[in-house]
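Data block below; observations after.
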Amino acid sequence: MRAGMYSNHAFLIGQAVRERRLALGLSQTEVATRAGMTQPALSRLEAGGAVPTIPVLDRIAIALGAELVVTIAPHAA
C-alpha cells in the first residue's frame with residue numbers, strides 16, 4: 001500500500017469520529033477523557049494526522065456509544 005493511502009484512511013477515520021462526536025453533542029475533551037486519551041491526541045486523529053491502533057479505535061467507539069467494525073474487502077476492479 002502506498003504511503004498516501006494511509007493518510008486517506010486516517011482522514012476518513014478521523015472524519016467518522018468527528019461526525020459521530022458532533023452528532024452526540026460532545027466535546028473533544030469529553031470523548032478523549034472517556035477514551036483514556038488526551039484532547040490533543042483526539043484532535044490530531046480527527047484531523048487525519050494520526051493513524052490510530054485498533055485498541056484506540058475500540059476505546060473511542062465505546063466513548064461514542066458505537067461499535068467498532070472492521071471490514072476487509074477486495075478492491076473493485
Side-chain angles (χ1 to χ4, degrees):
M1 179 181 286
R2 296 179 323 231
M5 291 183 75
Y6 286 120
S7 62
N8 185 50
H9 292 314
F11 174 78
L12 293 174
I13 290 167
Q15 184 178 36
V17 168
R18 182 176 186 275
E19 287 175 1
R20 174 71 177 167
R21 177 180 62 77
L22 292 176
L24 295 172
L26 298 172
S27 70
Q28 286 183 340
T29 301
E30 289 172 305
V31 174
T33 299
R34 292 179 185 185
M37 60 194 304
T38 65
Q39 180 276 325
L42 183 62
S43 178
R44 279 191 304 277
L45 186 145
E46 286 189 359
V51 179
T53 64
I54 298 292
V56 168
L57 285 174
D58 193 44
R59 291 196 325 257
I60 292 169
I62 291 167
L64 293 171
E67 180 180 3
L68 176 63
V69 178
V70 177
T71 303
I72 298 176
H75 285 279

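Just so we're clear, the structure is a prediction, and the values are computed from it rather than from any experiment.
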Enumerate, atom names and distances included, each donor-acceptor pair closer than 3.5 Å involving a side-chain atom of residues 35-42, sequence neighbours excluded.
residue	atom	partner	partner atom	Å
Thr38	OG1	Ala41	N	3.2
Gln39	NE2	Gln28	OE1	2.5

TODO: Name all residues meeting the side-chain contact (heavy atoms from CB on, under 4.5 Å) criterion together with Glu19; count only those two or more places apart in sequence or in a different chain, and write none if there are none.
DONE: Gln15
Open item on the list: With a 4.5 Å cut-off on side-chain heavy atoms, are Val69 and Thr71 touching?
Closed with: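 Yes. Closest side-chain heavy atoms under 4.5 Å.
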Task: Of Arg21, Glu46, Arg20, the residue whose pairing with Val31 passes side chain to side chain contact (heavy atoms under 4.5 Å, CB included) - done: Arg21
List the atom of [X], the atom of [Y], and the distance in Å for their closest heavy-atom pair.
| X | Y | value |
| --- | --- | --- |
| Ala10 | Ala50 | CB-O, 3.6 Å |
| Leu45 | Pro52 | CD1-CB, 3.5 Å |
| Leu64 | Leu24 | O-CD1, 3.2 Å |

TODO: Could you please spell out the steps behind the side-chain contact (heavy atoms from CB on, under 4.5 Å) verdict for Leu68 and Ile54?
DONE: CA-CA 9 Å; Leu68 176 63; Ile54 298 292; 4.1 Å; yes
Task: Listed partners of Arg18 passing side-chain hydrogen bond (donor to acceptor under 3.5 Å, both in side chains), at least two apart - done: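 Partners of Arg18 by the side-chain hydrogen bond (donor to acceptor under 3.5 Å, both in side chains) criterion come out as none, since no residue qualifies.
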- [ ] Any salt bridge (charged side-chain N to carboxylate O under 4.0 Å, His left out) involving residues 51-69? Give me the pairs, sequence neighbours left out, ordered by first then second residue.
- [x]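 Applying salt bridge (charged side-chain N to carboxylate O under 4.0 Å, His left out) to every pair that reaches into residues 51-69, excluding sequence neighbours, yields nothing.
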TODO: Sequence neighbours left out, what pairs pass salt bridge (charged side-chain N to carboxylate O under 4.0 Å, His left out) with at least one residue falling in residues 27-45?
DONE: none
